[in-house]
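Contents: one structure, followed by commentary.
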Amino acid sequence: MAIMLWRCISLQLAAHAPVALNEPAWRDLCGNKRLRLSAIPDPFTRPLTAPPALSVTDQEQSAGPFLVLAYTEGLHGKWMFSEIRAVFSRRYLLQNTAMEVFMANRTSVMFNFPDQATVKKVVYSLPRVGVGTSYGLPQARRISMATPRQLFKSSNMTQRWQRREISNFEYLMFLNTITGRTYNDLNQYPVFPWVLTNYDSEELDLTLPGNFRDLSKPIGALNPKRAAFYADHYETWEDDQAPPCHYNSHYSTAASTLHWLVRIEPFTTFLFGTNNDKFDHPDRTFSAIARSWRNCQRDTSDVKELIPEFYYLPEMFVNSNGYHLGMREDRTMVYDVDLPAWAKKPEDLVRINRMALESEFVSCQLHQWIDLIFGYKQRGPEAVRALNVFHYLTYENSVKLDSITDPLLREAEGILALFSPPTVTLRDDSTVAALSLPLPPSLPQATEAQLQSIGQTPSQLLIEPHPPRSSAMHLSPLMFKDQMQQDVIMVLKFPSNSPVTFTVTCSRVFAVNRWHNTVGLRGAPGYSLEQAHHLPIEMDSLVANNTGSNKRQITDLVDQSIQITTHCFVVTADNRYILVCGFWDKSFRVYSSETGKLTQIVFGHWDVVTCLARSESYIGGDCYIVSGSRDATLLLWYWSGRHHIIGDNPNNSDYPAPRAVLTGHDQEVVCVAVCAELGLVISGAKEGPCLVHTITGDLLRALEGPEYYQCPRLISVSSEGHCIIYYERGRFCNFSINGKLLAQMEVNDSTRAILLSSDGHNLVTGGDNGVVEVWQACDFKQLYVYPGCDAGVRAMDLSHDQRTLITGMASGSIVAFNIDFNRWHYEHQNRY
């Protein structure tokens, strides 16, 4: 294959290069540095063989013609360098010859190269992003090439997990990611633990230890009789050709992943490719949670752990495509997965599974399961003692593929495709035209068959015990106190009585109110009790003293028909710029929050811009901005935190181009939310409906509420995939991002502001009645009502630590409330 950096180097690399993709969404924007691959597989086709053409380039015209294919329709992809967020070196068939690139639009692509030297050359041709900004590591190419153990020891994620700054789910995903587990390789799919043992009771009490699994033992050793069987199997090992092991199967294989995900695409198609275009026998098909758990306790060939989807994807349990999965021997048809009695619907199962995963019982044991899967009990004497030894070919560096030189063995084919997602093999031999499978040239057929069927153990991260998580009592003592702090911390009054929209009045005077920084988290070491008495906000002196109103007022003319609401303003993540819409010239504008100076005017819509929204921030404050308009369209823009402008090019800030145009509405867009984590934009038209788009501009679906739920006004979306929509006349709906209505309610208030807690579990609302209420988001159960204020609530936001709620009032005041979502946690309610 050929990899070329036109400005600097030209590398000719003869090799096979499988490519795996997790989402077929590619972008083509000219004039920017990009990564181009000329042959991209369709997830629903067989792998394809083609001449190579992977290019790294600045401009198409800068260095003559590309080395490109006459590519097949639908098999072309480009990725802008500015979109690359992380680069990881990866294993493929247990060899360190692969690389995975993560993009800003939530897609990723995995390449396999002939050797590790080639991987290094490619990494050093790509942007210096490291493995992203989430793990506390430098954004350097050497970090992309670091081993999993080096990443683990250098990152801050273990300390953050111990301090409970991240969840158990997030920490397990981190461990999976750095050890090479990826959604782009079924043989290395992320692995999660079974945590519950009770799948038969009508009600599940998550405060009873007996309902939880012992995480200090591997899944095969939980049943004493089965543990004795495996111990004997190891002790009486008779195969002289291979080291002894406890298990002939593995806890994570491509086959087990397809077993769990058989009902959803593209995994159904993958399964067909492995099983002669038919489903597995009905008695072996995933049909019931309780049955699968029993099999993992009784069947000596079944030691499957779970996959992350058990904790966030209820759709995997529903046969929404209507597949004919057959009839079991007991004459029952296999259709949807039979749920435990305590789960009335798939969403209940996922929600309770997630609650169990984040519970204290799991938190205080999870480090022991990590020792088994990623740590010091993975190999060696400790693994033997823990009954945790698997077939030797599942371990890293167990076989050296490049040591096999027999050319006859290169003809072996058919095995790899049985257990892998489609990949592209790029060969130098341009005469190859037929479909082929991406086989490494030196892989013997027997070894290949074993590698693909027996599973792959993650890279080992530790050779000593993993540290435990700190107790919740130590880190969050307020959670266990009977007497909570006062609800209201402070009231901050503006000099004018104009209604407040967050920190902007309806006369468009904005305030830069300073937070008093505190050292450490409340309840954590280093936190001073004296700081609890400090008011969290100091009013903007220019506004308070009326000495710098010219620096704090947006005087540009807005359209007279626009009602100034919280939707008209967005503040950047660093609080240095405020974006404002509603102007008569159909623009939205960027102002410096320190000086009030207009820094950019952005045009793109054919009518007045009515609403703005901002996503979470990326590297250096980069984020997505979405503008909605009376022209019934939305435009997706990119905010550059480095240049402090809309767009990537500071030399062209007068005419930035939107990243995507979102269409589908036939009326004025009045509300919008964007979630970069999910790669989604949810918007509402004046009289409905609400639409879900991808950030690449594809319309996915409409969110249809019940009758009379027709005029959306507020939208909030969580990174867990739940979308809360407020409609006129006090009506709320909770939708999944896949369009399922999960809950609805009506309140006796005209709600003006809503927000979700960072974990998406709690909803806070406020409206004309001046009452702030807290609800359980999944079913709208009311959790708390704050004392009523003397004016209506117009806007709300939470502090970064989720401990202070700020509300802007119709009277011109800002009210700060104490809020601690832990006080409504089920473990606090039931146990303390």
_Quick one, I166 with M157, criterion side-chain contact (heavy atoms from CB on, under 4.5 Å). Give me CA distance, side-chain angles, the key distance, then yes/no._
CA-CA 8 Å; I166 60 173; M157 293 294 279; 3.6 Å; yes

Judged by atom type as modelled, is there a donor-acceptor pair below 3.5 Å linking the side chain of [X] to the main-chain atoms of [Y]?
X	Y	answer
Y230	T300	yes
Q95	Y92	no
R469	Q162	no
S256	T253	yes
T274	L271	yes
N275	F279	yes
T118	F113	no
S216	Q368	no
T107	M103	no
D185	N187	yes

*What residue among F102, Y189, F267 forms ring-ring contact (aromatic ring centres under 6.0 Å, His included) with Y183?*
Y189

*asked:* Under the ring-ring contact (aromatic ring centres under 6.0 Å, His included) test against F310, which residue among F192, W293, F317 passes?
replied: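 So the option named by the test is F317.
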
Regarding [X] and [Y], is there a side-chain donor-to-acceptor distance under 3.5 Å anywhere?
X	Y	answer
D115	T97	no
Q297	W194	no
E396	S459	yes
N248	S301	no
S249	D302	no
R291	S287	yes

Sub-4.5 Å side-chain heavy-atom contact between [X] and [Y]:
X	Y	result
I373	P193	no
M99	V87	yes
K304	W260	yes
Y171	T158	yes
L186	F270	yes
I307	V191	no
Q365	P468	no
Y376	P465	yes

Shortest non-hydrogen contact between [X] and [Y], atoms and distance:
X	Y	result
S108	N184	OG-ND2, 3.0 Å
A356	V195	CB-CG2, 4.0 Å
G220	R226	CA-NH2, 3.4 Å
V389	P244	CG1-O, 3.6 Å
A386	L372	CB-CD2, 3.9 Å
P190	N176	CA-OD1, 3.3 Å

Where does the angle between the aromatic ring planes of [X] and [Y] fall among parallel (under 30°), tilted (30 to 60°) and perpendicular (over 60°)?
X	Y	value
F286	H259	tilted
Y234	H246	parallel
H233	W237	perpendicular

*Checking ring-ring contact (aromatic ring centres under 6.0 Å, His included) for the pair H367/W161: CA distance, chi angles, key distance, verdict?*
CA-CA 11 Å; H367 64 285; W161 174 72; 7.3 Å; no

*Go through E100 and T182 one step at a time and tell me if the side chain to side chain donor-acceptor pair (under 3.5 Å) criterion holds.*
CA-CA 9 Å; E100 190 168 19; T182 168; 2.7 Å; yes

_Applying side-chain contact (heavy atoms from CB on, under 4.5 Å) to L357 and N353, what does each step give before you reach the verdict?_
CA-CA 6 Å; L357 180 67; N353 256 345; over 6 Å; no

Calculate, to the nearest 0.5 Å, the distance between atoms [atom1] and [atom2] belonging to [X] and [Y] respectively.
X	Y	atom1	atom2	value
L461	K153	CG	NZ	10.0 Å
R294	N223	CZ	CG	13.5 Å
I143	Q150	CD1	CD	8.0 Å
S167	R354	OG	CZ	5.5 Å

_Pair L313-I264, side-chain contact (heavy atoms from CB on, under 4.5 Å): steps then yes or no_ = CA-CA 11 Å; L313 190 68; I264 58 176; 3.6 Å; yes

*Carefully, step by step, assess T457 and T394 under the rule side chain to side chain donor-acceptor pair (under 3.5 Å).*
CA-CA 5 Å; T457 301; T394 67; 3.1 Å; yes

_Worked check of side chain to side chain donor-acceptor pair (under 3.5 Å) between N388 and Q378_ = CA-CA 7 Å; N388 196 42; Q378 186 196 92; over 6 Å; no

*asked:* Working note: F152 + F374, criterion ring-ring contact (aromatic ring centres under 6.0 Å, His included); need CA distance, chi angles, decisive distance, verdict.
replied: CA-CA 11 Å; F152 176 79; F374 305 102; 9.1 Å; no

*Determine, step by step, whether E309 and Y312 satisfy the side-chain contact (heavy atoms from CB on, under 4.5 Å) criterion, reporting the C-alpha distance in whole Å, the side-chain angles of both residues, the deciding distance to 0.1 Å, and the verdict.*
CA-CA 5 Å; E309 284 83 349; Y312 67 77; 3.5 Å; yes

*Hey, are K377 and E464 close enough for a salt bridge, meaning a charged N less than 4.0 Å from a carboxylate O?*
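Result for this pair is no, no salt bridge flagged.
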
*Please say whether the positively charged group of R90, taken as NZ for Lys or CZ for Arg, lies over the ring of F88, i.e. under 6.0 angstrom from the six-membered ring centre and within 45 degrees of the axis.*
yes

*Does CZ in R128 sit with more than 12 non-hydrogen atoms of other residues, nucleotides or ligands closer than 6.0 Å?*
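Incorrect, the count does not exceed 12.
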
*Establish, yes or no, whether a centroid distance under 6.0 Å links the rings of F390 and Y251.*
yes

